[in-house]
Amino acid sequence: MEVLIAQRPPGSWQAGRWEFPGGKVEPAEGEEAALHRELREELGIAVLQAIPVDVFPYSYPDRSVEIALWVVPAFTGDPRGLDGQALRWVSPGELAQCDLLEADLPMIAPLLRALE
């Protein structure tokens, strides 16, 4: 099994770093609806199954985020970086060595448990 990560594109905040694909929840949008929309917009895939793992708050010096982590075991389409971002499939054990954003690091252990 592999996990898809995306590289933040040039000109973006933390450009060049890796992260789990996804994005912001729009006003009046639920987390799962946002997941479906973001993965369609960013990767060109349609989510068929999504399993919530947990929500992870993180504070950077200049911003705070709250990230909902989902496992998406079933989707249609071939993921591609529609926002110009590089994509990479990695084994779960490689995630800690992938220069992930600091907010994504606390998600690795729960993700590994969810994938067992």
Over all heavy atoms of both residues, which pair between [X] and [Y] is shortest? Give the atoms and the distance, please.
X: L112; Y: P92; result: CD2-CB, 3.1 Å
X: M107; Y: P110; result: O-CD, 3.3 Å
X: E2; Y: S91; result: CG-N, 4.4 Å
X: L39; Y: P21; result: CD2-CB, 3.9 Å
X: A114; Y: V53; result: CB-CG2, 4.0 Å
X: S12; Y: P9; result: OG-O, 2.6 Å

Open item on the list: Between E66 and P57 (side chain of the first, backbone of the second, donor and acceptor by atom type, cut-off under 3.5 Å), is there such a pair?
Closed with: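 Not confirmed, E66 side chain does not pair with P57 backbone.
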
Open item on the list: Quick one: does any side-chain atom of Y60 pair with a main-chain N or O of A103 as donor and acceptor, under 3.5 Å?
Closed with: yes

Are [Y] and [X] co-members of a hydrophobic cluster defined by side-chain heavy atoms under 4.5 Å apart?
X: V65; Y: L105; answer: yes
X: V3; Y: W89; answer: no
X: F75; Y: L87; answer: yes
X: L115; Y: F56; answer: yes
X: Y58; Y: I108; answer: yes

Tell me, do [X] and [Y] make a side-chain contact under 4.5 Å, heavy atoms counted?
X: W70; Y: E32; value: yes
X: V47; Y: T76; value: no
X: V55; Y: E31; value: yes
X: I51; Y: V72; value: no
X: I5; Y: V90; value: yes
X: I67; Y: F20; value: no
X: R37; Y: E29; value: yes
X: Q85; Y: L43; value: yes

TODO: Hey, could you give me the CD/SG distance between E19 and C98, rounded to the nearest 0.5 Å?
DONE: 13.0 Å

Open item on the list: Within this structure, what is the CG-NE2 distance for the pair L48 and H36, rounded to the nearest 0.5 Å?
Closed with: 8.5 Å

TODO: Before giving the answer on side chain to side chain contact (heavy atoms under 4.5 Å, CB included), spell out for R88 and E94 the whole-Å C-alpha distance, their side-chain angles and the decisive distance to 0.1 Å.
DONE: CA-CA 11 Å; R88 183 174 158 202; E94 292 178 88; 4.1 Å; yes

TODO: Could you tell me whether R8 sits above the aromatic face of W18, with NZ or CZ closer than 6.0 angstrom to the six-membered ring centre and within 45 degrees of the axis?
DONE: no

TODO: May I ask you to say whether E102 pairs ionically with R17, meaning some side-chain N is under 4.0 Å from a carboxylate O?
DONE: yes

Open item on the list: As a quick check of understanding, evaluate side chain to side chain contact (heavy atoms under 4.5 Å, CB included) for Q14 and L101, giving each step before the final call.
Closed with: CA-CA 8 Å; Q14 295 278 341; L101 292 175; 3.5 Å; yes

